[in-house]
*Asks:* 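Here it is, the structure in full.
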Amino acid sequence: MSTESRTQQRVKGVPELYKQGSRPHRQRREVHQESHKQGSPVFKRSPDITKSPLTKSEQLLRIDDHDFTMRPGFGGPAIPVGVDVQVESLDSISEVDMDFTMKLYLRHYWKDERLSFPSSNNQSMTFDGRLVKKIWVPDMFFVHSKRSFIHDTTTDNIMLRVQPDGKVLYSLRVTVTAMCNMDFSRFPLDTQSCSLEIESYAYTEDDLMLYWKNGNESLKTDDRISLSQFLIQEFHTTTRLASYSSTGWYNRLYINFTLRRHIFFFLLQTYFPATLMVMLSWVSFWIDRRAAPARVPLGITTVLTMSTIITGVNASMPRVSYIKAVDIYLWVSFVFVFLSVLEYAAVNYLTTVQERKERKMREK
């Protein structure tokens, strides 16, 4: 019994010793934390309010304090708006519709002091397209465009970047199909010059001065741009004034490019077949004039083939009222083929007349 009582006393004493041993440890930890608090102070960098998650962009830019339906500096001199363009691709050139489709990045630069905000490290703020509807942006459009749209995968491809001093960068990713007046008098040896024109819709030159931001360097193109039928020779920019009788004068920016057509495709599909048909029609000259079943189908086949080639070429071209270079070649070839058929008809007729004369001479 004495042994069991001693064991129970030892077991009961273990928690008490553990509790007594833990108290000095806790006291040392509290003393260490207090000594750390009483030590040298830790300097923290003041947070930038532009990066604070609790600050709303509308409050920081003071959007509700201004009327953004009016342009910056309303009533004063024209606001300068710089533009630069990066051409991503030139998708297609349509001779039938006389237009082209281009994909590009359109960027605008201007300064709106109403959007200035305080910043300790002079860092800009970047927004997506949701803020564009709440502030003033230039109202650009593409002159002579047939279709255009802003890409929206996976969201609207719009970027707005605001500097602390109010400088704004507004960027769009756009695909536009615009008209291009083409001259096919030298087709397929032609060279076409097309242009994409950018202009403000509402603001005349008195309110908005539109210009290329870096001159001819404002236009950048992708080196991988290529077309199946054309060789892109040159991209360059120009600026002109456009006049409307009812509204006034507007600044207009031009993106000009020159296209030279590749000839090899038409050599294989048009010129070589037409030349072979003409040469094939000459084969009938070496066939006996009395072999009508051999010569007649050969002549008709070459004539119908030339008609098919001419129809196929004109099907992919607009219905212009002037003669093209390829028309001259094809119609001259058609005349040669047709004359070979007439040659057999003439030979057959003269042979028949001669045989009649010989028959009459024998009868006499």
*Asks:* Under a single-linkage rule joining Ile, Leu, Val, Met, Phe, Trp and Tyr whose side-chain heavy atoms are separated by less than 4.5 Å, which residues share a cluster with Tyr349?
*Replies:*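 Via sub-4.5 Å side-chain contacts, Tyr349 links to Leu350, Val353.
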*Asks:* With respect to Arg71, which candidate in Asp207, Asp206, Asp139, Asp112 satisfies the salt bridge (charged side-chain N to carboxylate O under 4.0 Å, His left out) definition?
*Replies:*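 Testing Arg71 for a salt bridge (charged side-chain N to carboxylate O under 4.0 Å, His left out) against Asp207, Asp206, Asp139, Asp112 leaves exactly one candidate, Asp207.
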*Asks:* Would you call Arg295-Glu343 a salt bridge at under 4.0 Å N-O?
*Replies:*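 Looking at Glu343 together with Arg295, the answer is yes, because their closest N to O distance falls below 4.0 Å.
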*Asks:* Does any N or O in the side chain of Asn314 come within less than 3.5 Å of the main-chain N or O of Ile310, such that one atom is a donor and the other an acceptor?
*Replies:*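 Yes, because the side chain of Asn314 sits within donor-acceptor range (under 3.5 Å) of the backbone of Ile310.
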*Asks:* With heavy-atom distances below 4.5 Å as the criterion, would you say the side chains of Tyr322 and Asp183 are in contact?
*Replies:*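 A side-chain contact under 4.5 Å exists here.
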*Asks:* Is it true that Val332 and Val313 fall in one hydrophobic cluster, defined by side-chain heavy atoms closer than 4.5 Å?
*Replies:*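 Yes, it is one cluster - the side chains of Val332 and Val313 are joined through contacts under 4.5 Å.
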*Asks:* From Leu231 CG over to Arg261 CZ, what is the distance, rounded to the nearest 0.5 angstrom?
*Replies:*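 Going from CG on Leu231 over to CZ on Arg261, the span is 12.5 Å.
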*Asks:* Mind jotting down which residue pairs meet the ring pair (Phe, Tyr, Trp, His ring centres under 6.0 Å) criterion with at least one end in residues 286-320? Sequence neighbours excluded, please.
*Replies:*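 Non-adjacent pairs meeting ring pair (Phe, Tyr, Trp, His ring centres under 6.0 Å): zero.
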*Asks:* Is there a side-chain contact between Val96 and Met317, using heavy atoms and a 4.5 Å cut-off?
*Replies:*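 When only atoms from C-beta onward are counted, Met317 and Val96 do not touch, as no gap falls below 4.5 Å.
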*Asks:* Does the structure place the NZ or CZ of Arg240 under 6.0 Å from the centre of the six-membered ring of Tyr254, at an angle of no more than 45° from the ring's axis?
*Replies:*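 Pair Arg240/Tyr254 counts as cation-pi.
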*Asks:* Does a side-chain heavy-atom distance below 4.5 Å link Val303 with Met277?
*Replies:*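 Sidechains of Met277 and Val303: no contact.
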*Asks:* Has the side chain of Asn181 got a donor or acceptor atom that lies under 3.5 Å from a matching backbone atom of Met179?
*Replies:*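 Side chain of Asn181 to backbone of Met179, a donor-acceptor pair under 3.5 Å: no, none is there.
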*Asks:* Ignoring hydrogens and angles, tell me if any N or O in the side chain of Asn216 forms a donor-acceptor pair with the backbone of Thr237 under 3.5 Å.
*Replies:*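 Side chain of Asn216 to backbone of Thr237, a donor-acceptor pair under 3.5 Å: yes, one is there.
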*Asks:* Run through Arg173, Lys220, Arg224 and flag the one making a salt bridge (charged side-chain N to carboxylate O under 4.0 Å, His left out) with Glu88.
*Replies:*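 In the set Arg173, Lys220, Arg224, the residue that makes a salt bridge (charged side-chain N to carboxylate O under 4.0 Å, His left out) with Glu88 is Arg173.
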*Asks:* With the 4.5 Å side-chain cut-off for hydrophobic clustering, are Val278 and Leu330 part of the same group?
*Replies:*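 Yes; tracing contacts between hydrophobic side chains, which count when under 4.5 Å, links both residues.
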*Asks:* In the hydrophobic clustering (ILVMFWY, side-chain contacts below 4.5 Å, transitive), which residues join Val296, or is it alone?
*Replies:*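 Ile300, Leu304, Tyr344, which link up through side-chain heavy atoms under 4.5 Å apart, make up the rest of the cluster.
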*Asks:* Which pairs pass ring pair (Phe, Tyr, Trp, His ring centres under 6.0 Å) with one or both residues in residues 195-224, sequence neighbours excluded?
*Replies:*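 Applying ring pair (Phe, Tyr, Trp, His ring centres under 6.0 Å) to every pair that reaches into residues 195-224, excluding sequence neighbours, yields Trp136-Tyr203, Phe141-Tyr201.
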*Asks:* Is the shortest side-chain heavy-atom distance between Thr275 and Met279 below 4.5 Å?
*Replies:*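 They are in side-chain contact.
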*Asks:* Flag the pair Arg252 / Leu241 as yes when at least one side-chain heavy-atom distance between them is below 4.5 Å, and no otherwise.
*Replies:*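 Not touching, per the 4.5 Å side-chain cut-off.
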*Asks:* Distance only, no hydrogens: is a donor on one side chain within 3.5 Å (strictly under) of an acceptor on the other, for Asp84 and Gln86?
*Replies:*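 Side chains of Asp84 and Gln86: no pair found under 3.5 Å.
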*Asks:* I want to check something: taking the side chain as every heavy atom from C-beta on, are Leu259 and Phe100 in contact at a cut-off of under 4.5 Å?
*Replies:*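 Of all side-chain heavy-atom pairs linking Phe100 with Leu259, none is under 4.5 Å.
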*Asks:* Ring centroids only, cut at 6.0 angstrom: are His151 and Phe149 within range, meaning strictly under it?
*Replies:*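 Yes - the distance between ring centres of His151 and Phe149 falls below the 6.0 Å cut-off.
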*Asks:* Search all heavy atoms of Ser171 against all heavy atoms of Arg107 and return the closest pair with its distance.
*Replies:*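 What the structure gives for the nearest pair is OG-CG, 3.6 Å.
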*Asks:* Within the 3.5 Å criterion, strictly below it, is a donor on Ser340 or Ser284 matched to an acceptor on the partner's side chain?
*Replies:*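 Ser284 and Ser340 do not have a side-chain donor-acceptor pair below 3.5 Å.
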*Asks:* Please tell me whether Val85 and Ile225 are part of a single hydrophobic cluster in this structure, the criterion being side-chain heavy atoms less than 4.5 Å apart.
*Replies:*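 Looking at the clustering, Ile225 is in the same group as Val85.
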*Asks:* Starting from Val320, can I reach Trp331 by hopping between I/L/V/M/F/W/Y residues whose side chains sit under 4.5 Å apart?
*Replies:*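 Shared cluster, yes.
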*Asks:* Side-chain contact test, heavy atoms from C-beta onward, threshold under 4.5 Å: evaluate it for Pro318 versus Glu95 and give yes or no.
*Replies:*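 Yes, side chains in contact.
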*Asks:* Just so I know, are the side chains of Phe184 and Arg186 near enough to count as touching, which here means a heavy-atom distance under 4.5 Å?
*Replies:*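 No, their side chains stay 4.5 Å or more apart.
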*Asks:* According to the salt bridge (charged side-chain N to carboxylate O under 4.0 Å, His left out) rule, which pairs have a member within residues 140-169, sequence neighbours left out?
*Replies:*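 Those involving residues 140-169 are Asp99-Lys146.
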*Asks:* Within the 3.5 Å criterion, strictly below it, is a donor on Asn256 or Thr238 matched to an acceptor on the partner's side chain?
*Replies:*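 Distance-only check passes for Asn256 and Thr238.
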*Asks:* Measure centre to centre between the rings of Phe266 and Tyr271, then say whether the value is under 6.0 Å.
*Replies:*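 No, the ring centres sit 6.0 Å or more apart.
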*Asks:* Out of curiosity, Tyr244 OH to Thr204 OG1, how far, rounded to the nearest 0.5 Å?
*Replies:*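 If I round to the nearest 0.5 Å, the distance is 12.5 Å.
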*Asks:* Which value, rounded to the nearest 0.5 Å, describes the distance between Lys134 atom NZ and Arg130 atom CZ?
*Replies:*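 Output value for this atom pair is 9.0 Å.
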*Asks:* Could you tell me which non-hydrogen atom of Met306 sits nearest to which non-hydrogen atom of Ala274, and how far apart they are?
*Replies:*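 Looking at all heavy atoms of both residues, the shortest contact is SD-CA, 3.9 Å.
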*Asks:* Please report the closest heavy-atom contact between Glu199 and Asn251, naming both atoms and the distance.
*Replies:*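 Scanning both residues, the minimum pair turns out to be CG-O, 3.6 Å.
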*Asks:* Treat each ILVMFWY residue as a node, draw an edge where side-chain heavy atoms are under 4.5 Å apart, and state whether Leu280 and Phe334 are in one component.
*Replies:*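 Yes; Phe334 is reachable from Leu280 via cluster members.
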*Asks:* Could you measure the distance from the CZ atom of Phe142 to the OG1 atom of Thr177? Nearest 0.5 Å is fine.
*Replies:*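 Between atom CZ of Phe142 and atom OG1 of Thr177 there are 10.5 Å.
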*Asks:* State the CE-OG distance between Met102 and Ser89, to the nearest 0.5 angstrom.
*Replies:*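 Answer rounded to 0.5 Å: 8.5 Å.
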*Asks:* Please check: side-chain N/O of Thr258 versus main-chain N/O of Glu234, any donor-acceptor pairing under 3.5 Å?
*Replies:*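 Flag not set: sc Thr258 to bb Glu234 has no pair under 3.5 Å.
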*Asks:* Got a sec, which residues hit ring pair (Phe, Tyr, Trp, His ring centres under 6.0 Å) with Trp249, two or more places apart in sequence or on another chain?
*Replies:*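 With sequence neighbours excluded, Trp249 shows a ring pair (Phe, Tyr, Trp, His ring centres under 6.0 Å) to no residue whatsoever.
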*Asks:* With distance as the sole test, does His108 use its side chain to make a donor-acceptor pair with the main-chain N or O of Val83 at under 3.5 Å?
*Replies:*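 Not confirmed, His108 side chain does not pair with Val83 backbone.
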*Asks:* On a heavy-atom basis, which atom in Thr302 and which in Val337 lie closest, and how many Å separate them?
*Replies:*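 Reported closest heavy-atom pair: OG1-CG1, 3.1 Å.
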